[in-house]
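Along the sequence shown, residues are numbered consecutively beginning with 1.
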Amino acid sequence: MRIAIRELQRQPGRFVPVTAALTLLVVLLLVLGGFLDGLEGSQTGAYRAHDGLLLVFADSAELQLQRSVVQSGIADELDALDDVDAVGRLGRVDTTAAPQGTDDVEDVAVFGYELGTDVLPAPSEDGAVVDATLAELTGIEVGDVLEIGPAATPVTVTELVDDLTQGSPTVWLPWDQWGQVATDAAPADVLPDGASQALVLRPTGSPADLAGTSLGGTSLAEGVEAVTPEDAILALDVVQQQSSTFEGIIGVTFAVTLLVIALFFALIVLERVGLYAVLKALGAGTRDLLTGLAVQAVAISAVALVTGIVVAFAFTGLLPADLPIRILPARVGLIAGGTVFTALLGSLLTLRRIVRIDPASAIG
């Protein structure tokens with residue numbers, strides 16, 4: 001191992017090509033992961049705003065909000081349960097919105113709700129809670145008036161909240177006002193009296209205790225299912241498609257990383273056959289030689305990671321602000337761990353070649 005460390009110190013130039021290649025692969029992995037997380041974040045803000053609560057859908061809807069209809073009376077049934085602290089209705093309709101007196105029309109998802117969260121203020125009859133993304137697109141501010149839907153229903157912006165985008169910027173209205181907007185925007189999909197697309201449920205204990213249950217044994221509660229926001233996110237078609245595509249590309253990139261490391265250390269071993277034969281003749285074991293290669297692989301991957309992270313953040317900082325890219329700490333940790341593991345595995349693939357080195361025949 002000491003020989004391997006000294007080689008890194010005295011001959012760093014021979015490791016520059018593989019370190020540069022690994023750095024570029026780290027940058028690619030981080031950018032791909034950033035796009036995956038950014039795209040997922042831009043599709044799930046409304047659900048993530050309900051973290052710590054439960055979402056209740058009709059069990060025939062496959063956790064898709066706009067396919068779900070929770071019938072009248074179920075909210076009262078659930079609110080009467082000992083494990084439930086509060087219940088509120090939730091609905092969504094896709095339409096358009098524009099600041100009053102302008103032609104800056106934007107597609108929006110308008111949500112009707114009854115239950116405030118740590119992110120969403122409680123609904124107010126004075127106006128609407130608006131996604132800050134819509135403010136960036138249109139320039140609206142608190143106190144301005146938005147005209148929503150084909151009937152240009154005027155609503156006053158009472159608060160701007162970050163990270164509420166659900167495919168489109170969102171506008172949050174009190175339930176009764178949302179019902180009027182939904183009727184104007186999608187008259188063919190008007191809900192039955194007292195029904196909602198979903199319910200938001202605040203449990204008295206842990207959400208996990210009720211998630212996935214039928215929530216009640218009476219006929220009024222049949223046909224509904226409670227899930228965490230995380231489960232609802234994973235069920236979204238767009239999230240599944242994006243995840244499968246980007247995770248496939250990320251997997252291929254890790255495979256390329258493994259190939260680069262394996263080929264580099266295979267060449268290193270070929271160059272060192274004579275040296276390794278002498279070391280074996282002097283009593284060094286295969287384990288000692290592999291340990292040296294592993295140390296060099298970890299050192300290379302560490303340098304590549306630090307450099308790659310810096311370059312990736314600098315690169316994404318130069319991209320247009322409207323691109324959905326977010327490099328999250330969890331993603332950085334995952335890629336760092338995967339890169340070090342891949343480097344170690346690539347170096348250890350030389351095991352067979354090292355085991356076959358015969359000191360007598362190699363030295364001659």
Side-chain angles (χ1 to χ4, degrees), residues 40-57 63-66 68 70 75 78-79 84-95 97 106-138 140-146 148-149 153 155-182 185 191 196-204 206-207 210-211 226-236 239 324 326:
E40 181 176 310
S42 69
Q43 299 288 343
T44 61
Y47 284 171
R48 287 184 287 106
H50 292 86
D51 186 41
L53 306 179
L54 291 173
L55 301 176
V56 181
F57 299 88
L63 305 185
Q64 305 301 309
L65 180 62
Q66 289 170 289
S68 175
V70 178
L78 301 183
D79 197 27
V84 176
D85 179 59
V87 176
R89 289 175 290 185
L90 183 70
R92 168 180 175 167
V93 65
D94 293 320
T95 184
E106 297 288 344
D107 293 329
V108 294
V110 181
F111 282 83
Y113 74 118
E114 294 181 314
L115 200 60
T117 72
D118 293 339
V119 176
L120 279 170
S124 168
E125 297 301 327
D126 295 333
V129 175
V130 175
D131 184 0
T133 302
L134 185 60
E136 295 171 4
L137 293 172
T138 63
I140 60 169
E141 299 176 350
V142 173
D144 290 347
V145 175
L146 275 177
I148 299 178
T153 303
V155 297
T156 302
V157 179
T158 58
E159 192 159 351
L160 299 174
V161 178
D162 289 326
D163 199 19
L164 289 178
T165 305
Q166 188 92 353
S168 302
T170 58
V171 177
W172 297 76
L173 299 176
W175 179 258
D176 292 337
Q177 188 176 20
W178 175 83
Q180 299 170 9
V181 171
L191 293 168
S196 62
Q197 291 177 339
L199 299 173
V200 178
L201 184 152
R202 181 183 292 125
T204 55
S206 169
L210 292 178
V227 297
T228 62
E230 291 79 7
D231 290 334
I233 287 170
L234 292 175
L236 290 172
V239 170
R326 299 191 304 176

Donor-acceptor pair, side chain of [X] and main chain of [Y], under 3.5 angstrom:
| X | Y | value |
| --- | --- | --- |
| R48 | G41 | yes |
| W178 | V110 | yes |
| T44 | E40 | yes |
| D144 | E141 | yes |
| T228 | D231 | yes |
| Q66 | Q197 | no |
| Q166 | A46 | yes |
| S68 | Q64 | no |

Spatial distance of atom [atom1] ([X]) from atom [atom2] ([Y]) [nearest 0.5 Å]:
| X | Y | atom1 | atom2 | answer |
| --- | --- | --- | --- | --- |
| L115 | L199 | CG | CG | 10.5 Å |
| T170 | L164 | OG1 | CG | 4.5 Å |
| E159 | W172 | CD | CH2 | 13.5 Å |
| E125 | T156 | CD | OG1 | 12.0 Å |
| L201 | L53 | CG | CG | 8.0 Å |
| R92 | S168 | CZ | OG | 6.5 Å |

Could you pull out the closest heavy-atom pair between [X] and [Y], with the gap in Å?
| X | Y | answer |
| --- | --- | --- |
| A49 | T117 | O-OG1, 2.8 Å |
| L191 | S196 | CD1-CA, 3.7 Å |
| G127 | P174 | O-CD, 3.8 Å |
| A122 | Y113 | C-OH, 3.7 Å |
| D131 | P169 | OD2-CA, 3.5 Å |
| V155 | A128 | CG2-CB, 4.2 Å |

Practice task
Answer yes or no: is there an ion pair linking R326 with D163, defined by an N-O contact shorter than 4.0 Å?
Solution key: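 Here R326 pairs with D163 in a salt bridge, since their nearest N and O are under 4.0 Å apart.
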Practice task
Report the residue from L173, V181, T95 that forms a side chain to side chain contact (heavy atoms under 4.5 Å, CB included) with T153.
Solution key: V181
Do the side chains of [Y] and [X] get nearer than 4.5 Å, heavy atoms only?
| X | Y | value |
| --- | --- | --- |
| V129 | V157 | no |
| V227 | L54 | no |
| P203 | V84 | no |
| V171 | F111 | no |
| D107 | D94 | no |
| L120 | H50 | yes |
| V130 | L146 | yes |
| L65 | Y47 | yes |

Handout entry: Any side-chain donor near an acceptor of the partner, T133 and T165, under 3.5 Å
Key =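 Yes, T165 and T133 have a side-chain donor paired with an acceptor closer than 3.5 Å.
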Exercise for the section: Could you walk me through whether T158 and V142 pass side chain to side chain contact (heavy atoms under 4.5 Å, CB included), step by step? Expected result: CA-CA 5 Å; T158 58; V142 173; 5.7 Å; no
